[in-house]
Peer 1: 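My questions will all concern the structure given below.
On a predicted model such as this, the values are computed, not experimentally measured, just so you know.
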Amino acid sequence: MAEIAELCAREVLDSRGNPTVEVECWLADGSMGRAIVPSGASTGELEALELRDGDKSRFNGKGVLTVVNNVNTTIRNALLGELPFDQASIDSILLELDGTPNKAKLGANAVLGASLSVAKAASACLGLPLYRYLGGIVGFNLPVPLLNVINGGAHATNNLEFQEFMLVPAGFDSFSEALRAGSEIYHTLKDELIDAGVGAGIGDEGGFAPNLADNTEALDLLMKAIEKAGYKPGEEIYLALDVAASQFYAEGKYKLGGKMLDAGDLIDHYEDLLGRYPLVSVEDGLAETDWDGWKLLTTRLTDRLQLVGDDIFVTNPEILSKGIEQGVGNALLVKPNQIGSLTETLRAILMAQGEGYHTILSHRSGETEDVTIAHLTVAVNASQIKSGAPTRSERVAKYNELLRIEEETSAPYYGPRIFNQ
Ligand code: PGA
Ligand code: ZN
């Protein structure tokens, strides 16, 4: 029998140098699963609670020793002796143990770390890679990577309001060719930024963080870099934005480029950008509390743009279901630590897919070497993955894992099919 024989946690560091929790689940047959939980910077208000110690004498209050202790005592005691193969029942034990709507008692970081480590231990015990264990023979498409090559907003100290400017290499036959194009364009962009004297330092997700006149200058630079690297914008490479609009929204207005805009003005702006650039996707185009604005955005642009809900849905099946009912967005960004367990994450994904919403597995700005999202993407046949720039090991770890999966499975690339262009 391969029941859970040990569960233990430790405090490790994430890519920003902040502490986070790593959990190991050991089975009686010696199999082990290990998971590290990431951490966001532009978090949605309704995300499950990331518990931190608040003890200013350690890591400026950001320590996670309480979480480590919760895993090593309460969670460990509840899971010892359980079989790891029924993920839904493991997760329901965890949810009951916590008992709060947002995992405030144990911490979503404690619960997710335990939840993922059990799934990984189960897959190790069966001798299957995680994507096979979770997806069976159904999961075999490789996602289009959304490569965040210019960083702004909460991820950089520059003046760009939009948080992420992404390359979408959809027009290729394979994931590896798409990734190569992304890398080549990234390096061309670097030369361009150096030539322009605007700074080629990088932000939290590995993209450059230049000081530019405005957001459209970033898009112009991307267009130039794509062409200079020898690729065709609008045929091979498209563009995507994560506006993260909640970050510049207050009292019903969006403060952009020194102007105060309402939702309608901002939607006009996106429509204008659509006419000028091969833009296929806008994430968090409006603030998470501006549901009326979101409805208008969806009505106006759903046929022309992928409208991705991140902060507004926070990977929460209940909030997503409200969004579907009200005609909000047409794609779901999936961050397992926004909701805090694998089962609830899968529920949100299946709900989205059942309603024809695209799904995009996503990293956080504070990441680690953990590659779970690469496996999840393939397991659930998500059409896209967002893991930052094609640089910095915590970002490329996910892309590299997808290269391995591509080699192992000859899985087809989602690319040319997703945006019907
Ligand atoms: P975060 O941002 O990980 O800093 O919350 C990522 C995103 O908004 O997609
Ligand atoms: Zn986002």
Side-chain angles (χ1 to χ4, degrees), residues 14-16 18 38-47 50 146-168 186 189 193 198-222 239-251 253-261 263 265-267 269-270 273 277 279 281-290 293-294 297 305-314 329 333 335 337-338 360 362-367 386-389 391-392 394-395:
D14 73 11
S15 58
R16 277 194 277 252
N18 289 326
S39 174
S42 75
T43 47
E45 280 173 29
L46 298 179
E47 290 192 21
E50 178 187 79
L146 306 185
L147 303 159
N148 178 11
V149 293
I150 296 184
N151 295 185
H155 295 165
T157 51
N158 59 0
N159 61 340
L160 294 173
E161 293 102 339
F162 291 179
Q163 182 178 281
E164 304 173 18
F165 298 80
M166 293 172 277
L167 299 170
V168 186
Y186 179 87
L189 178 63
L193 294 172
V198 288
I202 60 174
D204 285 355
E205 297 190 348
F208 301 108
N211 272 307
L212 303 174
D214 56 30
N215 296 298
T216 48
E217 194 186 349
L219 293 169
D220 290 333
L221 283 163
L222 285 187
L239 299 178
L241 294 170
D242 181 0
V243 174
S246 302
Q247 300 284 329
F248 54 89
Y249 178 72
E251 290 162 16
K253 294 282 176 200
Y254 296 88
K255 189 170 180 222
L256 194 64
K259 289 193 198 132
M260 302 305 275
L261 307 179
D265 300 327
L266 200 46
I267 298 168
H269 180 52
Y270 298 140
L273 294 179
Y277 303 96
L279 185 65
S281 179
V282 172
E283 178 180 330
D284 285 348
L286 295 172
E288 64 190 283
T289 51
D290 188 4
W294 260 98
L297 170 68
L305 261 185
Q306 175 174 260
L307 300 167
V308 186
D310 170 12
D311 291 349
I312 190 166
F313 296 144
V314 288
L333 198 80
K335 293 169 166 170
N337 81 321
Q338 282 181 326
I360 305 155
S362 172
H363 65 159
R364 301 304 305 245
S365 51
E367 259 300 329
K386 195 172 101 153
S387 178
T391 179
R392 290 178 58 142
E394 79 280 5
R395 310 295 148 191

Peer 1: Could you tell me whether the side chain of S365 and the main chain of G40 form a donor-acceptor pair under 3.5 Å?
Peer 2: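 Here the side-chain-to-backbone pair does not exist.
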
Peer 1: About how many Å separate CG of L305 and CG of L297, when rounded to the nearest 0.5 Å?
Peer 2: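 Answer for the CG-CG pair, L297 versus L305, is 8.0 Å.
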
Peer 1: Once side chain to side chain contact (heavy atoms under 4.5 Å, CB included) is applied, do any residues pair with S362, and if so which ones, sequence neighbours excluded?
Peer 2: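 Here the qualifying residues are L333, K335, K386.
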
Peer 1: Measure the shortest side-chain to side-chain distance between N148 and D242 over non-hydrogen atoms and say whether it is less than 4.5 angstrom.
Peer 2: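 No, every pair of side-chain atoms sits at 4.5 Å or beyond.
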
Peer 1: Begin from the C-alpha positions of S15 and R395 and carry the test side-chain hydrogen bond (donor to acceptor under 3.5 Å, both in side chains) through to its verdict.
Peer 2: CA-CA 9 Å; S15 58; R395 310 295 148 191; 3.3 Å; yes

Peer 1: Using 0.5 Å steps for rounding, measure from the OG atom of S246 to the CD1 atom of I312.
Peer 2: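 That separation rounds to 8.0 Å.
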
Peer 1: Taking side chain as C-beta onward, heavy atoms only, is F165 less than 4.5 Å from N151?
Peer 2: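 In short, these two side chains do not touch, never coming nearer than 4.5 Å.
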
Peer 1: Is the shortest side-chain heavy-atom distance between Y254 and D265 below 4.5 Å?
Peer 2: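 Not in contact.
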
Peer 1: Starting at CD1 of I360, measure out to CD of E283 and round the result to the nearest 0.5 Å.
Peer 2: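 Result: 6.5 Å between the selected atoms.
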
Peer 1: Could you check if a side-chain atom of R392 sits within less than 4.5 angstrom of a side-chain atom of I202, using non-hydrogen atoms only?
Peer 2: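 Side-chain contact under 4.5 Å: yes.
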
Peer 1: Does a side-chain heavy-atom distance below 4.5 Å link V308 with Q306?
Peer 2: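 Touching, per the 4.5 Å side-chain cut-off.
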
Peer 1: Give, for atom OG1 of T289 and atom CD of E45, the distance between the pair rounded to the nearest 0.5 Å.
Peer 2: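 Reported value, rounded in 0.5 Å steps: 6.5 Å.
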
Peer 1: Side chains of L256 and N215: does their closest heavy-atom pair fall under 4.5 Å?
Peer 2: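 The answer is yes, as the side chains (C-beta and beyond) meet within the 4.5 Å cut-off.
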
Peer 1: Just jot down the side chain to side chain contact (heavy atoms under 4.5 Å, CB included) partners of P210, sequence neighbours excluded, or say none.
Peer 2: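 Side chain to side chain contact (heavy atoms under 4.5 Å, CB included) list for P210, sorted by chain: I150, N158, L193, V198, F208, L212.
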
Peer 1: Would you call E394 and R364 a salt bridge, taking side-chain N to carboxylate O under 4.0 Å as the test?
Peer 2: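 No.
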
Peer 1: Between L279 and Y270, is the side-chain contact (heavy atoms from CB on, under 4.5 Å) condition met? List the steps.
Peer 2: CA-CA 9 Å; L279 185 65; Y270 298 140; 5.6 Å; no

Peer 1: Please check this pair: side chain of D290 against backbone of A263, looking for a donor-acceptor N/O pair closer than 3.5 Å.
Peer 2: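 Side chain of D290 to backbone of A263, a donor-acceptor pair under 3.5 Å: no, none is there.
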
Peer 1: Determine the minimum heavy-atom distance between E367 and P38, stating which atoms define it.
Peer 2: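 Residues E367 and P38, closest heavy atoms: OE2-CB, 3.4 Å.
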
Peer 1: Please name the pair of heavy atoms, one in A209 and one in G203, separated by the smallest distance, quoted to 0.1 Å.
Peer 2: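 Looking at all heavy atoms of both residues, the closest pair is CB-N, 4.0 Å.
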
Peer 1: Set out, in order, the CA-CA distance, both residues' side-chain angles and the distance that settles side-chain contact (heavy atoms from CB on, under 4.5 Å) for L241 and L219, then state yes or no.
Peer 2: CA-CA 10 Å; L241 294 170; L219 293 169; 4.1 Å; yes

Peer 1: Any idea which heavy atoms bring Y186 and A389 closest together, and the distance?
Peer 2: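 For Y186 and A389, the tightest heavy-atom pair comes out as CE1-CB, 3.9 Å.
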
Peer 1: Given side-chain contact (heavy atoms from CB on, under 4.5 Å), test E205 with H363 step by step and report yes or no.
Peer 2: CA-CA 9 Å; E205 297 190 348; H363 65 159; 3.4 Å; yes

Peer 1: Sub-3.5 Å donor-acceptor pair from the side chain of R16 to the main-chain atoms of S39, do we have one?
Peer 2: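 Here the side-chain-to-backbone pair exists.
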
Peer 1: Indicate whether any N or O donor in one side chain lies under 3.5 Å from an N or O acceptor in the other, for D220 and Y277.
Peer 2: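 Short answer, yes.
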
Peer 1: Measure across L239 and L222 and return the closest heavy-atom pair with its distance rounded to 0.1 Å.
Peer 2: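 Scanning both residues, the minimum pair turns out to be CD2-CD1, 3.9 Å.
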
Peer 1: Verify whether one side chain among N337 and E47 offers a donor that lies under 3.5 Å from an acceptor in the other.
Peer 2: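 E47 and N337 do not have a side-chain donor-acceptor pair below 3.5 Å.
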
Peer 1: Rounded to the nearest 0.5 Å, what's the gap from CD on Q338 to CG on L46? Could you check?
Peer 2: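 Interatomic distance, Q338 CD to L46 CG, rounded to 0.5 Å: 10.0 Å.
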
Peer 1: Check step by step if side-chain contact (heavy atoms from CB on, under 4.5 Å) holds for D284 and V243.
Peer 2: CA-CA 6 Å; D284 285 348; V243 174; 5.5 Å; no

Peer 1: Return the CD to CG distance between Q163 and D204, rounded to the nearest 0.5 Å.
Peer 2: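 Taking CD in Q163 and CG in D204, the distance rounds to 9.5 Å.
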
Peer 1: For G329, is there any backbone N or O sitting under 3.5 Å from a side-chain donor or acceptor partner on W294?
Peer 2: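 The answer is no, because no donor-acceptor pair under 3.5 Å joins these two groups.
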
